Amino acid sequence: MIKEVTAVQRILSTQLSHQIGESVRIAGWLHRRRLLKSVAFLIVRDAAGLAQVVVTDPTVRAAVESLSEETVVEVTGTVIANPTAPAGVEVVEPAVRPLGPPAVPPPFDLYRPVLTATLPTQLDHAPTALRHPSRSAALRISAAAVAGFRAALDARDFVEIHTPKVVASSTESGANVFALDWFGRPAYLAQSPQFYKQLMVGVFERVYEVGPVFRAEPHDTVRHLAQYTSLDVELGFVADHRDVMVVLRDTLAGMLGAVRARAGAALATLGVEPPEVPAEIPAVHFTEALKIAGAPADEPDLAPAHERALGEWACREHGSDFLFVTGYPMAKRPFYTHPDPARPAYSNGFDLLFRGMELVTGGQRLHRYEDYLAALAARGEPVEPYAGYVDAFRHGMPPHGGFAIGLERFVARLTGAANVREVTAFPRDLHRLTP
RNA sequence: GGUCCUGUGGAGCAGUCGGAGUGCUCGCCGCCCUGUCAAGGCGGAGGUCGCGGGUUCAAGUCCCGUCAGGACCGCCA
């Protein structure tokens, strides 16, 4: 077997403090150069963080002067401890080898603590803007949250599934779908894995999915995307929606726990302290929520201003960043929603507000074939487009329910981002299809 | 889809009552500086004031249209 015995293993910036006195190789992007008369400092950024390299040799210095910020370089040198270095360690006597041509500088300074470019400018130059620690930190938190979502559900015997993103008919009442051509037949991008995750409850009892969903709704707000990542859960053998809410509570706790455990540096970069999830998240019925928010009693839904008011109320009265609103009117919920047996005009459905924004929708679903026929008939909708879905309920489905978390909204609320686009790598919305 | 706001060198802004493309912070180029920390000092380059039309002796500034961007609302996760 051939092995490169002479190669020095690459060390990440954060590991340098364990290599004092050693000869090391680091590699990354030239984050910033500070050129003084007889000494030059190179700040090299890698996936883990920043490393300082000190150049005194005139030949190396001359070579470094021609390298612009963001050029990819490899540095070999000796690690020394130095209290005046930003991290307490630095690499001296370096050899600097560019791994590519000098980089064309991005239109904003990545080495500054805050990105001064406006959001549209950042999004236009997303491939480089995302390199800024403040932007990449949000994406690391997002990744940790998804890992926590999976871990929490895996621990409760859920099975991860993957459902089609191209479908023959829309999942939720008609209009807002992206149409495309499927070998000459009309097809649509899936608005939700709703039908498929319900059907898979008939296979595994408990399922979840992490995947993109597509909404052709002309919403132009800081909390809407045409494509977003939906964290979907569905479970069988529930008594009602409250069993689903318990799983949601534990899932959120798992997500935030994973964010703390796996994205501590990212949280520090953003100065964010994740909230605790109460052992029991406070819950109010929709009719009560209207009163708290000061909305008219005949209001069919909560407006964003009402949700903000409820968020403040939950924080004030219960010290909770989370609030369940249960029992939304059946008229505002999709046809597969299970009604409240005691008050049939209201549903066994809920929303979860996180700091005053709708983060999750969930509830108990219908599970009897006849109920589906009646629900569609009551809404004047034909059964035929839903045949493949509804038919499954003739073959035995347990009482079940589930929920869907909007990942971008979760991260935006958690990090304090004003716009979900700040925590989305390449957002797709009404106006943006590139990059 | 409705309402409101904003378009000024590469980035972010200011520009008053209509009076010469004026100004600020940063970047860029050149020079200087043994230890920088968003380095510092001196000098320089870079603009069809989004686009089109109108009013005026005179428009970045006022009016109309148009394009682009943003916020709120509707609706949603």
Side-chain angles (χ1 to χ4, degrees), chain A residues 31-43 50-56 61 65-66 68-70 80 82-88 90 92 104-125 128-129 132-134 172-173 175-176 191-194 211-233 248 299-308 328 332-334 350-354 357-362 403-413 418-421 424 429-432:
Chain A
H31 191 63
R32 184 56 168 161
R33 300 169 301 161
R34 290 192 259 277
L35 305 173
L36 286 73
K37 177 66 174 177
S38 316
V39 63
F41 299 96
L42 307 182
I43 310 301
L50 303 175
Q52 174 159 288
V53 177
V54 184
V55 177
T56 48
R61 161 60 177 256
E65 281 184 357
S66 66
S68 48
E69 269 77 17
E70 292 306 304
I80 64 162
N82 185 340
T84 63
E90 59 190 11
V92 296
V104 176
F108 31 71
D109 302 324
L110 292 176
Y111 53 83
R112 293 189 186 283
V114 292
L115 262 182
T116 55
T118 56
L119 186 57
T121 304
Q122 293 182 39
L123 296 179
D124 287 344
H125 301 275
T128 40
H132 192 272
S134 66
E172 327 239 342
S173 60
N176 302 322
Q191 294 168 297
S192 150
Q194 180 63 34
V213 296
F214 303 89
R215 303 276 168 99
E217 295 156 357
H219 297 147
D220 197 0
T221 80
V222 292
R223 62 191 188 285
H224 286 98
L225 296 169
Q227 174 185 338
Y228 69 92
T229 302
S230 183
L231 307 179
D232 270 272
V233 171
L248 172 53
E299 197 86 358
D301 204 353
L302 294 172
H306 299 146
E307 293 179 351
R308 286 192 287 271
Y328 277 76
K332 293 297 290 183
R333 303 301 258 201
F350 59 83
D351 277 4
L352 180 78
L353 307 185
F354 179 22
M357 187 197 282
E358 182 177 335
L359 174 70
V360 184
T361 289
F403 57 86
I405 303 171
L407 175 62
E408 293 82 355
R409 285 191 180 183
F410 176 79
V411 178
R413 286 284 89 177
N419 192 317
V420 289
R421 289 160 186 79
T424 308
D429 62 31
L430 214 48
H431 307 290
R432 192 170 291 277

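Every value quoted in this text rests on a predicted model; they were computed, and no experiment measured them. A, B, ... follow the sequence lines: proteins, then strands. Residue 1 opens every chain.
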Checklist line | Nearest listed nucleotide, side chain of A/P120, among B/A38, B/G70, B/U36 | finding: B/G70
Check: When you check the phosphate oxygens OP1 and OP2 of B/C26, does a side-chain N or O of A/T116 lie under 4.0 Å from one of them?
Finding: no
Note to self: For a quick check of understanding: with a heavy-atom distance under 4.0 Å over all strands, which category does A/Q52 fall into, base, sugar-phosphate or nothing?
What the structure shows: base
Next item on the list: Identify whether any heavy atom of A/L115 sits under 4.0 Å from a base atom; if not, whether one sits that close to sugar-phosphate; answer base, sugar-phosphate or nothing.
Entry: nothing
Notebook entry, point to check: For the side chain of A/D109, counting heavy atoms from C-beta on, which of B/C26, B/C76, B/G35 is nearest?
Noted result: B/C26
Note to self: Quick one, A/R432 with A/D124, criterion salt bridge (charged side-chain N to carboxylate O under 4.0 Å, His left out). Give me CA distance, side-chain angles, the key distance, then yes/no.
What the structure shows: CA-CA 9 Å; A/R432 192 170 291 277; A/D124 287 344; 2.7 Å; yes
Item checked: Options B/G74, B/G70, B/G35, nucleotide nearest the side-chain atoms of A/H431 -> B/G70
Check: Below 4.0 angstrom from OP1 or OP2 of B/C75, is there any side-chain N or O of A/R223?
Finding: no
Next item on the list: Between A/A303 and A/T56, just flag the one whose closest nucleotide in RNA chain B comes earlier from the 5' side.
Entry: A/T56
Margin query: Heavy atoms only, 4.0 Å cut-off, all strands: where does A/P86 land among base, sugar-phosphate and nothing?
Written below: base
Margin query: Nearest to the A/L36 side chain among B/A11, B/A77, B/U36, which nucleotide is it?
Written below: B/U36
Note to self: Using a 4.0 Å heavy-atom cut-off, does A/R308 contact any base of the nucleic acid, only the sugar-phosphate backbone, or nothing at all?
What the structure shows: sugar-phosphate
Item checked: Side chain of A/V222 (C-beta onward), nearest among B/C73, B/G35, B/A71 -> B/A71
Note to self: What contact category does A/P304 fall into here, base, sugar-phosphate, or nothing, at under 4.0 angstrom with non-hydrogen atoms?
What the structure shows: base
Check: Which one, B/G12, B/C73, B/A77, comes nearest to the side chain of A/T118?
Finding: B/G12
Check: What is the nucleic acid contact for A/L225, judged by heavy atoms within less than 4.0 Å: base, sugar-phosphate only, or nothing?
Finding: base
Notebook entry, point to check: When we call it a touch if two heavy atoms are under 4.0 Å apart, what does A/A85 touch: a base, just sugar-phosphate, or nothing?
Noted result: base
Next item on the list: Any chance you could encode RNA chain B as dot-bracket? Rule is Watson-Crick or G-U wobble with both distances under 3.5 Å; [ ] for pairs crossing earlier ones, | for another strand.
Entry: (((((((..(((((....[..))))).(((((.......))))).....(((((..]....))))))))))))....
Note to self: Below the 4.0 Å mark, does B/A68 have OP1 or OP2 next to a side-chain nitrogen or oxygen of A/R432?
What the structure shows: no
Check: At under 4.0 Å between heavy atoms, what does A/Q227 touch on the DNA or RNA strands: base, sugar-phosphate, or nothing?
Finding: nothing
Notebook entry, point to check: Base, sugar-phosphate alone, or nothing: which one does A/D351 contact when heavy atoms must sit under 4.0 Å apart?
Noted result: nothing
Next item on the list: Please state whether the phosphate of B/A77, meaning OP1 or OP2, lies under 4.0 angstrom from any side-chain nitrogen or oxygen of A/T361.
Entry: yes
Margin query: From the set B/G12, B/A77, B/C26, return the single nucleotide nearest to any side-chain atom of A/T121.
Written below: B/G12
Item checked: A/E408 (side chain) donor-acceptor with A/T229 (main chain) under 3.5 angstrom -> yes
Note to self: Base, sugar-phosphate or nothing for A/Q122? Non-hydrogen atoms, less than 4.0 Å.
What the structure shows: nothing
Check: Between A/R333 and A/Y328, is NZ or CZ placed under 6.0 angstrom from the six-membered ring centre and within 45° of the ring axis?
Finding: yes
Next item on the list: Check whether the aromatic ring of A/F108 stacks on the base of B/G27, taking stacking as ring centres less than 5.5 Å apart and planes within 30° of each other.
Entry: no
Notebook entry, point to check: For A/V213, which contact category applies under a 4.0 Å heavy-atom criterion: base, sugar-phosphate, or nothing?
Noted result: nothing
Item checked: Residues A/R215 and A/Y228: side-chain donor-acceptor under 3.5 angstrom -> yes
Next item on the list: Using a heavy-atom cut-off of under 4.0 Å over every strand shown, decide if A/N419 touches base, sugar-phosphate, or nothing.
Entry: sugar-phosphate
